[in-house]
*Asks:* 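Below you will find the structure I want to go over with you.
Just so it is clear, the values below take in all heavy atoms, side chains as well, and ignore hydrogens, waters and symmetry mates. To find a chain, count down the sequence lines: A is the first, B the second, and so on, and within it residues start at 1.
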Amino acid sequence: MPIRIYNTLSRKKELLQPLEENHVKLYVCGITSYDYCHIGHARSALVFDMVVRYLRYQGYRVTFVRNFTDVDDKIIARAKEQGVLPTALAQRFIDEFYRDMDELGVLRPDIEPKATEHIDEMIALVQELIDRGLAYPAGGDVYYRVDKFADYGTLSGRNLEDMQAGARIGVNAQKEHPMDFVLWKKAKPGEPKWESPWGPGRPGWHIECSAMSRKYLGETFDIHGGGKDLIFPHHENEIAQSCGASGKSFASIWMHHGFVTIKDEKMSKSLGNFLTIRDVLREYPAEVLRLFIFSTQYRNPLDFTEDALRDARTSLDRIYECLAMVVSLPAGHAGATSIVSKKDRRKLLNLKDHFIQAMDNDFNTAQALGFLFDAIKVMNKIGRLLPEAPAAQDIELLKSAGTTVREVSDILGVAGRDPQQYVEEKKKKLLASIDITEEEINRLIKQRDEARKKKDWTASDVVRDQLLEHNIELHDGPDKTSWEVKK
RNA sequence: GGCGACGUAGCCAAGUGGUAAGGCAGUGGUCUGCAAAACCAUUAUUCAGCGGUUCAAAUCCGCUCGUCGCCUCCA
């Protein structure tokens, strides 16, 4: 089945057709490392983690490159504030970034280039642009000559005239055109600097991605991704640089994900309304955050609320509890008749196909999850209706559906743990927050069982109420009473 | 001001020309000594509003209203 991806460049969904047979080359703009990452960064990492997992699941070889911007105005400013070297600050937050990513279970990209380690490549690229007449040095800086690049504005759907009309930036007298952007910045005293044909300085922000993507993926590659806020100017300028230098097309497909919002406002450093990844991870496990992020399609905005996170946690429990049920299924009997309706059987057998169809359609994880929960519901229903001597084919169906659930969940990076262990651990964790021991609970249950045998419902209910005061809920099963901490 | 996106039940969210997935919450029921959990049933004659195209529109086109984003660093 072909995978269709929405391409910002054409504003349409397009078939993924890798330039190299069966090999997808993907470049994603990573972080500028000067602070802890927030939930928006988590969404970016998780979206592309899902994309890579899915492409590999579908048999593609994927070369995934994601950079670190480790030299930049913000890093320099923050380092100055803290009285540390910019390089030390950048490295520190790269380490913190890895800590968050590992916690989220994000697979490492194949290549993670740093800007500071590719200064030579950037200088070479800037020189090529100068040689082609697309850039010019001015007072130690080098600028890109936007009006010499005919396609400038195509990605973001703008034209130079409109942009100038609404320009909020002060005009730099050194620029030939107000929209020209900087490729190389002359060093100011005390700033990190490298030698270059135009004097000591450091690269502009955009040039690193052009230089590094070319080095690791070639002049033309398949997918370039990032947040919607990078469309302009970052990606627009990358196109100008890369296509300008090579004369060839750059990325075939441009993928941009939506923002995480709080109260419908973009979460951002400048607005100060952001939550860091570790803030959230303290309250909710990574798998919950993943389910939350994937509950909507990647291009749509995603509003962060406590309710939404709680929903996600309930959903995750639901998946694990269903899987735990499947694991503890009794053996089937060859002679017994099936109790599963044709419709339900088909739903389970079609889960994988439906899931894949949703994912093929521009990674529609929300729809894919819909199919997943549909199957969970059917599985719970069958599990509930199973007689004491269930039909072998029904047990077989549930077990294979369980395997499929795990298989497709893995694409989203959820439900990867042992389900029985998950249920147990959850119980233990909740128990830790309760002022009663497991032994005490079991003792009380025993006491209650005796009362129930004598049909002394009053005494029985006293015990249950007693436990309920400790937030313990009892569930009377056919042969024994189980308990759980009330949610 | 320019450009763009979005508006589907109480909330979240699919659906992209053929008659409204799924989740959470709610209500009724099955089960139970009573419960809980689970399951079953139920919850939008309608997709912001108004026009238009079509045999057929939530889906395409136009206008209006509302929300958000980019145009300055931003995932």
*Asks:* In whole angstrom, give the distance that lies between atom CG of A:Asp317 and atom P of B:C24.
*Replies:*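 Nearest whole value for this atom pair: 11 Å.
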*Asks:* Between P on B:A75 and CE on A:Met255, what's the gap in Å once rounded to a whole number?
*Replies:*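 Checked: the CE to P distance equals 17 Å.
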*Asks:* Pick the C1' atom in B:C61 and in B:G17, then give their distance to the nearest Å.
*Replies:*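 Between the two C1' atoms, the distance is 13 Å.
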*Asks:* Please tell me which of the listed nucleotides, B:A36, B:A75, B:C68, lies nearest to the side chain of A:Asp264?
*Replies:*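 Nearest nucleotide to the side chain: B:C68.
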*Asks:* Does A:Tyr6 have A:Arg299 sitting over its ring (NZ/CZ under 6.0 Å from centre, angle to axis within 45°)?
*Replies:*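 Yes, A:Arg299 lies over the aromatic ring of A:Tyr6.
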*Asks:* I want to check a possible cation-pi pair here: A:Lys269 against A:Tyr34, using under 6.0 Å from ring centre and within 45° of the ring axis as the test.
*Replies:*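 Yes, A:Lys269 lies over the aromatic ring of A:Tyr34.
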*Asks:* Determine, answering yes or no, if A:Phe373 is stacked on B:G22 under the 5.5 Å centre rule and the 30° plane rule.
*Replies:*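 Given the distance and angle limits, no, they do not stack.
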*Asks:* Using a 4.0 Å heavy-atom cut-off, does A:Ile231 contact any base of the nucleic acid, only the sugar-phosphate backbone, or nothing at all?
*Replies:*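 Touches nothing.
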*Asks:* When rounded to the nearest Å, what value does the distance between P atoms of B:U8 and B:C3 take?
*Replies:*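 Pairwise P distance, B:U8 against B:C3, rounds to 25 Å.
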*Asks:* The side chain of A:Phe259 is closest to which nucleotide in this list: B:C34, B:A75, B:C31?
*Replies:*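 Of all the options, the side chain of A:Phe259 is nearest to B:A75.
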*Asks:* Could you check whether the side chain of A:Asn159 and the base of B:G2 have a donor-acceptor pair of N or O atoms closer than 3.5 Å, going by distance alone?
*Replies:*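 By the distance-only test, no, there is no pair.
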*Asks:* For B:U16 versus B:A58, give the span between their C1' atoms, rounded off to a whole number of Å.
*Replies:*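 Here B:U16 and B:A58 have their C1' atoms 10 Å from each other.
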*Asks:* Does any part of the side chain of A:Pro2, heavy atoms only, come nearer than 4.5 Å to the side chain of A:Leu16, both counted from C-beta?
*Replies:*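 Sidechains of A:Pro2 and A:Leu16: no contact.
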*Asks:* Could you give the distance separating B:A38 and B:A44 at their P atoms, to the nearest angstrom?
*Replies:*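 My reading of the P atoms in B:A44 and B:A38 gives 24 Å.
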*Asks:* Record whether the side chain of A:Arg448 comes under 3.5 Å of the base of B:G33 through a donor-acceptor pair of N or O atoms.
*Replies:*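 Answer is yes: a donor-acceptor pair is held.
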*Asks:* For A:Val47, which contact category applies under a 4.0 Å heavy-atom criterion: base, sugar-phosphate, or nothing?
*Replies:*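 Result for A:Val47 = nothing.
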*Asks:* Return the nearest nucleotide to the side chain of A:Lys381; candidates are B:C34, B:C40, B:C71.
*Replies:*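 Given the options B:C34, B:C40, B:C71, the side chain of A:Lys381 is closest to B:C40.
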*Asks:* Using atom P in both nucleotides, what's the gap between B:C68 and B:C63 to the nearest angstrom?
*Replies:*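 Here B:C68 and B:C63 have their P atoms 22 Å from each other.
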*Asks:* Rounded to whole angstrom units, what separation is found between the CG atom of A:Asp180 and the C1' atom of B:C71?
*Replies:*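 Between C1' of B:C71 and CG of A:Asp180: 16 Å.
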*Asks:* Please report, rounded to the nearest Å, how far the P atom of B:G22 is from the CG atom of A:Asn380.
*Replies:*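 The answer, rounded to whole Å, is 15 Å.
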*Asks:* Give me the distance, rounded to whole Å, that separates B:C6 from B:C12 when you measure between the C1' atoms they each carry.
*Replies:*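 Those two atoms are separated by 15 Å.
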*Asks:* Classify the ring geometry of A:Tyr422 against A:Tyr320: parallel below 30°, tilted from 30° to 60°, perpendicular beyond 60°.
*Replies:*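 Geometry flag for A:Tyr320 against A:Tyr422: parallel rings.
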*Asks:* Let me confirm one number: the OG1-CZ distance from A:Thr365 to A:Arg290, rounded to the nearest 0.5 Å.
*Replies:*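 If we round to the nearest 0.5 Å, A:Thr365:OG1 and A:Arg290:CZ are 11.5 Å apart.
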*Asks:* Under a 3.5 Å cut-off for both distances, is B:C68 Watson-Crick or wobble paired, and to whom?
*Replies:*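 In the structure as shown, B:C68 has B:G4 as its Watson-Crick or wobble partner.
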*Asks:* So which nucleotide does B:G62 pair with, by the Watson-Crick or G-U wobble rule with both distances under 3.5 Å?
*Replies:*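 Across any shown strand, B:G62 pairs with B:C50.
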*Asks:* Between B:A75 atom C1' and A:Met101 atom CE, what is the distance in whole Å?
*Replies:*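 The distance from CE of A:Met101 to C1' of B:A75 comes to 10 Å, rounded to the nearest Å.
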*Asks:* Counting any heavy atom closer than 4.0 Å, what does A:His234 reach on the DNA or RNA strands: base, sugar-phosphate only, or nothing?
*Replies:*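 Since no nucleic acid heavy atom lies under 4.0 Å of A:His234, the category is nothing.
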*Asks:* Could you check which nucleotide pairs with B:C55 in any of the strands shown, counting Watson-Crick or G-U wobble with both distances under 3.5 Å?
*Replies:*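 The base-pairing partner of B:C55, which may sit in any strand shown, is B:G18.
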*Asks:* I need the single residue from A:Arg313, A:Glu306, A:Arg310 that forms a side chain to side chain donor-acceptor pair (under 3.5 Å) with A:Tyr284. Which is it?
*Replies:*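 Filter result, single survivor: A:Glu306.
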*Asks:* Which of these nucleotides, B:G69, B:G33, B:C68, is closest to any side-chain atom of A:Ser460?
*Replies:*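 Taking heavy atoms from C-beta onward, the closest nucleotide is B:G33.
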*Asks:* Determine the interatomic distance between C1' on B:A35 and the same-named atom on B:U67; round to the nearest Å.
*Replies:*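 Taking atom C1' in both B:A35 and B:U67, they lie 45 Å apart.
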*Asks:* Tell me, for nucleotides 6-21 of chain B in 5' to 3' order, what letter each nucleotide earns: B for a base near a protein heavy atom under 4.0 Å, S for only sugar-phosphate near one, - for neither?
*Replies:* -------SSS-----B
*Asks:* Please determine, for the side chain of A:His257, which listed nucleotide (B:G33, B:A75, B:C40) has the closest atom?
*Replies:*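 Nearest to the side chain of A:His257 among the choices is B:A75.
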*Asks:* Which residues pass the ring pair (Phe, Tyr, Trp, His ring centres under 6.0 Å) test with A:Phe93, not counting sequence neighbours?
*Replies:*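 Here the qualifying residues are A:Tyr36.
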*Asks:* In Watson-Crick or G-U wobble terms, both distances under 3.5 Å, what is the partner of B:C39?
*Replies:*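 Across all strands, the one nucleotide that pairs with B:C39 is B:G29.
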*Asks:* Grab the NZ-C1' distance between A:Lys228 and B:C70 for me, whole Å please.
*Replies:*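 The answer, rounded to whole Å, is 11 Å.
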*Asks:* Classify the nucleic acid contact of A:Leu230 as base, sugar-phosphate or nothing, counting any heavy atom under 4.0 Å across all strands shown.
*Replies:*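 Sugar-phosphate contact only.
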*Asks:* Please pick, from B:C70, B:C24, B:A36, the nucleotide with the shortest atom-to-atom distance to any side-chain atom of A:Thr314.
*Replies:*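 Looking only at heavy atoms from C-beta outward on A:Thr314, the closest nucleotide is B:C24.
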*Asks:* If you measure only the distance, is there a donor-acceptor pair under 3.5 Å linking the side chains of A:Tyr298 and A:Asp362?
*Replies:*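 Distance-only check passes for A:Tyr298 and A:Asp362.
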*Asks:* Whole-Å distance between B:C73 P and A:His206 NE2?
*Replies:*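 Interatomic distance, NE2 of A:His206 to P of B:C73: 7 Å.
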*Asks:* Any cation-pi pair here, A:Arg158 with A:Phe232, using under 6.0 Å and within 45°?
*Replies:*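 Geometry flag: set, cation within 6.0 Å and 45°.
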*Asks:* How about A:Thr69 and A:Asp72: does a side-chain donor come under 3.5 Å of a side-chain acceptor?
*Replies:*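 A:Asp72 and A:Thr69 do not have a side-chain donor-acceptor pair below 3.5 Å.
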*Asks:* Please give, in whole Å, the distance from B:A35 C1' to A:Leu467 CG?
*Replies:*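 Rounded to whole Å, this separation is 13 Å.
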*Asks:* Closest nucleotide of RNA chain B for A:Arg158 versus for A:Arg384: which of these residues is on the 5' side?
*Replies:*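 Its nearest nucleotide lies further toward 5', so the answer is A:Arg384.
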*Asks:* So, is A:His41 close to the B:A75 phosphate, meaning a side-chain N or O under 4.0 Å from OP1 or OP2?
*Replies:*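 Indeed, a polar side-chain atom of A:His41 lies that close.
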*Asks:* With rounding to whole Å, what would you report as the distance between B:G26 and B:A14 at their P atoms?
*Replies:*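 Each nucleotide's P atom is 24 Å from the other's.
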*Asks:* Indicate, with a heavy-atom threshold strictly under 4.0 Å, whether A:Ser268 touches base, sugar-phosphate, or nothing.
*Replies:*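 Since a base atom lies under 4.0 Å of A:Ser268, the category is base.
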*Asks:* Could you tell me whether A:Arg452 contacts a base, only the sugar-phosphate backbone, or nothing, with contacts defined as non-hydrogen atoms closer than 4.0 Å?
*Replies:*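 It contacts base atoms.
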*Asks:* So, OP1 or OP2 of B:C39: does either fall under 4.0 Å of a side-chain N or O from A:Arg318?
*Replies:*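 It does, given that an N or O in the side chain of A:Arg318 lies less than 4.0 Å from OP1 or OP2 of B:C39.
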*Asks:* Would you classify A:Arg43 as touching base, sugar-phosphate or nothing, given that sugar-phosphate means primed atoms plus P, OP1 and OP2, and contacts are heavy atoms under 4.0 Å?
*Replies:*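 No contact at all - A:Arg43 keeps every heavy atom at 4.0 Å or more from the nucleic acid.
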*Asks:* Measure the CD-CG distance between A:Glu407 and A:Leu351 for me, rounded to the nearest 0.5 Å.
*Replies:*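 A:Glu407 CD to A:Leu351 CG: 9.0 Å, rounded to 0.5 Å.
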